[in-house]
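These notes are about the structure you will find just below.
Numbering of residues begins at 1 and proceeds along the displayed sequence. Order of listing sets the numbers, starting from 1, for every ligand and every atom in it.
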Amino acid sequence: MLYEGKAKKLYTTETPNVLRMEYKDEATAFNAEKKAVFENKGKLNKAITLLIYEMLEKKGVPTHLVDDLDEVNLLVKSVDILQVEVIVRNVAAGSFCRRMGVEEGLEFKTPIVEFSYKSDELGDPLINDDYARELGLATPAECAFLKEQALVINEVQKEFFAKCGLKLVDFKIEFGRLAEDPSQIVLADEVSPDTCRLWDLKTGEKMDKDRFRQDLGGVMEGYEEVLKRVKDASK
Ligand code: TMP
């Protein structure tokens, strides 16, 4: 094992620069103040991430995906994860509402892109391009690329999730520099209901980790429904 995070573990494989990414059943919220284990979460998030990565690749978005492996594991290219988390918001929710004092559900005319510093100790504080440059997290050119890619990913995912009858409210993505060629930055980590807010287009029902964060119950039922719809829309 190379690394253990809150929701995934990374292992080396026999192939150089190819890692095994295992999706765990553990869930955390509010910087791990709240913790739980959800049976099948790993399996569901792996399956959803795989289908989304395959869909994004078809649309020309490079990811670190190599191949599916088994129920809870993907094979991925080894990357050096940028310590900048990229958040895209189409609708106000979560920390945006807390920070700005607005009601959940305000629709943005144009998406908002945010950067935060990937640091559990500091609680992933909001940063900007200048912070990233001065702290050596990403160059100005890399920041511009991250923002541009995040907006492309947003458009592609928004359209795809709409086909699933889901509104893409917001999401967090991470990028990595390929170990075999650090000049190439690709989408890495995961795209799942842990990292996206997804609301049913008709009823507005929350189908993502907010069910856990807000104690709404039926957490895995929401994830299962997301997987079912993502599978159908991928056919
Ligand atoms: P936020 O509104 O809490 O800042 O979250 C924005 C989006 O980022 C939301 O879809 C959930 C996701 N997210 C993560 O994936 N990891 C995190 O640690 C946090 C705080 C949010």
Should the pair Arg197-Asp210 be classified as a salt bridge under the 4.0 Å nitrogen-to-oxygen rule?
yes
Could you list which atoms of ligand 1 come closer than 4.0 Å to a heavy atom of Thr195?
10 (O), 12 (C), 15 (O)
Relative to the heavy atoms of Asp194, which atoms of ligand 1 are at a distance of less than 4.0 Å?
15 (O)
In terms of side-chain geometry, is the basic nitrogen of Glu104 or Lys206 positioned less than 4.0 Å from the acidic oxygen of its partner?
yes
Pair Arg229 + Asp200: basic N to acidic O under 4.0 Å
yes
salt_bridge(Glu107, Lys167) N-O dist < 4.0 Å
yes
Is any side-chain N of the basic residue among Lys8 and Glu190 closer than 4.0 Å to the acidic one's carboxylate O?
yes
Would you mind checking which non-hydrogen protein atom is closest to atom 14 (C) of ligand 1, with the distance to 0.1 Å?
Lys172 CE, 3.5 Å
Under a 4.0 Å N-O cut-off, is there an ion pair linking Glu39 with Lys41?
no
Less than 3.5 Å between some nitrogen or oxygen of Glu114 and one of ligand 1, yes or no?
no
I'd like to know if Glu174 pairs up with Lys172 as an ion pair, taking the criterion as any Lys NZ or Arg NE/NH1/NH2 lying under 4.0 Å from an Asp or Glu carboxylate oxygen.
yes
Carboxylate-amine/guanidinium contact Arg99 Glu114, below 4.0 Å
yes
Can you find an N or O of Arg213 that's nearer than 3.5 Å to an N or O of ligand 1?
no
Nearest-contact summary for atom 7 (C) of ligand 1 - protein heavy atom, Å:
Asp170 OD1, 3.6 Å
With a distance cut-off below 6.0 Å to the six-membered ring centre and an angular limit of 45° from the axis, does Lys9 pair with Tyr3 as a cation-pi contact?
no
Any N or O of Arg98 that comes nearer than 3.5 Å to an N or O of ligand 1?
no
Mark whether atom 11 (C) of ligand 1 lies under 4.0 angstrom from at least one protein heavy atom.
yes
Protein contact of atom 1 (P) of ligand 1 - nearest heavy atom, named by residue and atom, plus distance:
Ser95 OG, 3.3 Å
Here the atoms of ligand 1 under 4.0 Å from any heavy atom belonging to Cys196 are 10 (O)
Atom 17 (C) of ligand 1 protein-contacted (non-hydrogen atom, under 4.0 angstrom):
no
Ligand 1 versus Lys209, non-hydrogen atoms closer than 4.0 Å: side chain, backbone, both, neither?
neither
Which atoms from ligand 1 have a heavy atom of Phe171 less than 4.0 Å away?
10 (O)
Within the supplied structure, the quantity of interest is the number of heavy atoms (other residues, nucleotides, ligands) at a distance under 6.0 Å from Glu159 CD; does it exceed 12?
no
For ligand 1, which atoms, with element, lie under 4.0 Å from some heavy atom of Ala93?
2 (O)
Decide whether the shortest distance between a heavy atom of Asp208 and an atom of ligand 1 is less than 4.0 Å.
no
Relative to ligand 1, is Asp124 under 4.0 angstrom through side chain, backbone, both or neither, heavy atoms considered?
side chain
One finds that the ligand 1 atoms under 4.0 Å from a non-hydrogen atom of Gly94 are 2 (O)
For ligand 1, find out whether one of its N or O atoms is nearer than 3.5 Å to an N or O atom of Arg197.
yes
Charged N to carboxylate O below 4.0 Å: is that the case for Arg20 and Asp70?
no
